[in-house]
Structures are given as C-alpha cells and as structure tokens.
Protein chains: 4
Amino acid sequence: MADGSPAIDGATTVAGDRLRSFIERVERLEEEKAAIMNDSKEVYAEAKGEGYDVKILRQVVRIRKMDRADRQEQEALLDLYLSALGEQ
Amino acid sequence: MADGSPAIDGATTVAGDRLRSFIERVERLEEEKAAIMNDSKEVYAEAKGEGYDVKILRQVVRIRKMDRADRQEQEALLDLYLSALGEQ
Amino acid sequence: MADGSPAIDGATTVAGDRLRSFIERVERLEEEKAAIMNDSKEVYAEAKGEGYDVKILRQVVRIRKMDRADRQEQEALLDLYLSALGEQ
Amino acid sequence: MADGSPAIDGATTVAGDRLRSFIERVERLEEEKAAIMNDSKEVYAEAKGEGYDVKILRQVVRIRKMDRADRQEQEALLDLYLSALGEQ
DNA sequence: CGGCGCTACGTCCGTC
DNA sequence: GACGGACGTAGCGCCG
C-alpha cells in the first residue's frame, strides 16, 4: 500500500492513516525534544562564554538530580515500610 | 557561600546568582524534555491500546530518521559538488 | 568456513581462532555473571524465608548504591572545583 | 536504632544484624558482578583493538546463547518423550 | 501480561 | 580529526 494515496480498501487506508498519525505525533515530539536539548547546549555555551566551566556545571546539575532522585527513593522506601508494617 | 543568602561580597553574590540562573535554566529545560518524552510514551501507549506493536513503531521512527539524515547527507554532498563547480 | 575444522587458508583460520577466543572468553565471563546473579537471588530468597520483604531489601540496596554514587560525585565535584581554582 | 551499636533490645539487634548481613552479602555479590562485567568490556575492547566490531561480537554471543537455550529446550523435550515412553 | 529494573546501545564531549 | 570515555535513552527480561 502506498500511504497517502487513495486506496480501494477503505479499512486499510483508515488503519494506515491512524498509523501515520501516531508516527507523526512521535516525530513531532522528537523534534521538540531535539530543540530543547539544543537550548540546553546553548545555555551551557553561554555560561562557558562567561567563564564558567561547563563540565562542572553539568556535574552540579547531575548531582542535584541525583539528590532529588535519592529523596524520592527514600520516601518510596518509607512508604514501603509503613505499608509493610500496616500489613495491607 | 550559601546561595540565596545575603552576602558581603557583592561580586561573589552576582556570580552566584548568575551561576544559579544557568543551573535553573538547564534544569527547567530538562523538565520540559522529560515532559515531552512522557508525551511520546503516552502516544506509544495509545497506539499499543489500538493493537499496534510499539517495538515496531519505534523501529519505523528510527528508520525514517535515518532516511532523513541520509537525505540531508546527500543534499549536503550535492551542495558541496555544486559549490566546487563554482555554482552560486 | 567451518570454525574448528582444518582450513586451507591459514590466515583465515588464525583470525577464526582469535575470534573464537574472544567469544569464548566473554561467554565464560557471562557464565560467571549468571552464577553470581543466581547467588543474589538465593540470598534474597533466604531473607524472604526469614520474613524479610524482598522488595524493600532491593530498594535498600539500590538507595545505598545511589548514596555511594552521590558521595563519589560530590568528591569528584570538589576535586573539580579545587583544580579549577588552582588553575594550574 | 543505630546498627552496629550496642542495643538494649537484643531481638532487634539480632534482626538488624541479620538484615545487615543480607544487605552486605548482596552488595558483595553486586561488586563481583560489576567486576566481571568490567572484564567483559575489556575483552570487547581488546577485540576492538584488533579490528573486530564489538556490536557484531555481542550479537554473536547473544545468538549462541539463544541457540544453547533452544538446544536445551529440545533436550528437555526429548527427555520428556523418553520418560513418557517408559525409558529409564 | 504489565510494570519495573537492568543491560546495552547510540551520542556527545574531552583528549591527544 | 580520530579515539576513547561518559552520559542519557531505549530495549529486554524477570517478577509479581
């Protein structure tokens, strides 16, 4: 089947359109994601232009993220303990 | 120095604020990126709910991206040839 | 070419033997890894047999690992700062 | 309760020690596993250094593993048939 | 069989 | 400019 062309089999076309829709939605999102990642790079580049060490900046961001993740895990663990104690 | 607290050394504070600004801009972008990736996952989930095979869908997206990259390579090469020939 | 069989082309055989050597070394290591993972499972099973909640145990292990990673990152960051300040 | 410190409640301490024992056994195993995975990486790196394509090598290992699994299935099935026939 | 965690892959950055 | 290393993301398998 050639997508986008008129088809004899209506059902197949409909399915094809649906598929195409999903694919294109994902592709659009991936474009947005790429744009955002590009923005990040530009921020780092700007910081670098002002004398900051990009490697350090990245590490700071990473550590802060890990700290947040840690905190969430801790809370999840606490919840687990509590529910385990409540037994049910 | 504790960021966010008043400081005696103005220069250091300014630098700290600037640093903080970069960090937070990046973190904001990372949040947006995470949100977009989440959207993608939801699209795939929706497609899955309609009977599509997510793994295959991902492959399709990947292949189409490679095709696009290939095409851009071709065009870049073409441009190179043309400029080498003195066109434009 | 059938590996392991005598070959007319010596070079090819040598390459085949070398390849085979790499593959088998990796496979040996994977066996060891599988054995170790099996040991882990047994430890968890034993703990479970004594009334411990495996899910919680796993989470504890994970958090402790993250804590360790965090600490190492912190130290790495400190080193970065120090070297950045020392600016050789 | 602070693990490792003397405690008034013997039962709790014993349980804590037991728990600590499980955790540390698992952590030790995870270290060993990490070491082995590192060894694998080194083997692949060595192979790469001799011109082999690591990705392909990994595929070979994976396929051989699947083959072995298949073969075991076959043998298990054969055993089943034989015992069903009253052999052995 | 659905979710979660782990492993493996691709990409990007720094280095030589 | 290429290589190697590190990070983040995607695929896979196990567990529940």
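A, B, ... follow the sequence lines: proteins, then strands. Residue 1 opens every chain. Values below: every heavy atom of this structure, side chains too, minus hydrogens, waters and symmetry copies. As the structure is a computational prediction, the values presented were derived from the model and not from experiment.
- With rounding to whole Å, A/Tyr44 atom OH is found 14 Å from F/dA6 atom C1'.
- By the side chain to side chain donor-acceptor pair (under 3.5 Å) test, A/Arg68 is found to be paired with B/Glu27, residues two or more places apart in sequence or in another chain being considered.
- For C/Arg58, there are no side chain to side chain donor-acceptor pair (under 3.5 Å) partners two or more places apart in sequence or in a different chain.
- Taking 4.0 angstrom as the limit, D/Lys33 places none of its side-chain polar atoms (N or O) nearer than this to OP1 or OP2 of E/dC6.
- Rounded to an integer number of Å, the gap from CG of A/Leu29 to C1' of F/dT9 is 16 Å.
- Applying the ring-ring contact (aromatic ring centres under 6.0 Å, His included) test to every pair with at least one member in residues 19-69 of chain B, sequence neighbours left out, gives these pairs: A/Phe22-B/Tyr52, A/Tyr52-B/Phe22.
- Rounded to whole Å, atom P of E/dG2 lies 13 Å from atom CG of B/Asp53.
- Using a 4.0 Å cut-off on heavy atoms, none of the residues of residues 62-81 of chain A approach DNA chain E.
- The shortest side-chain heavy-atom distance between A/Glu24 and A/Arg20 falls under the 4.5 Å cut-off.
- In this view, D/Glu32 satisfies the side chain to side chain donor-acceptor pair (under 3.5 Å) rule with no residue, not counting sequence neighbours.
- Legend: residues meeting side-chain contact (heavy atoms from CB on, under 4.5 Å) with C/Gln74, ordered by chain and number and at least two apart, are A/Ile63, A/Asp67.
- The side chain to side chain donor-acceptor pair (under 3.5 Å) check on B/Glu31 picks up B/Arg28, with sequence neighbours excluded.
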(message) Output one letter per nucleotide in nucleotides 11-16 of chain E: B when a protein non-hydrogen atom lies under 4.0 Å from the base, S when only the sugar-phosphate is that close, - when neither is.
(response) --S---
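- In this structure D/Lys55 satisfies the side-chain contact (heavy atoms from CB on, under 4.5 Å) test together with D/Asp53, D/Gln59, sequence neighbours excluded.
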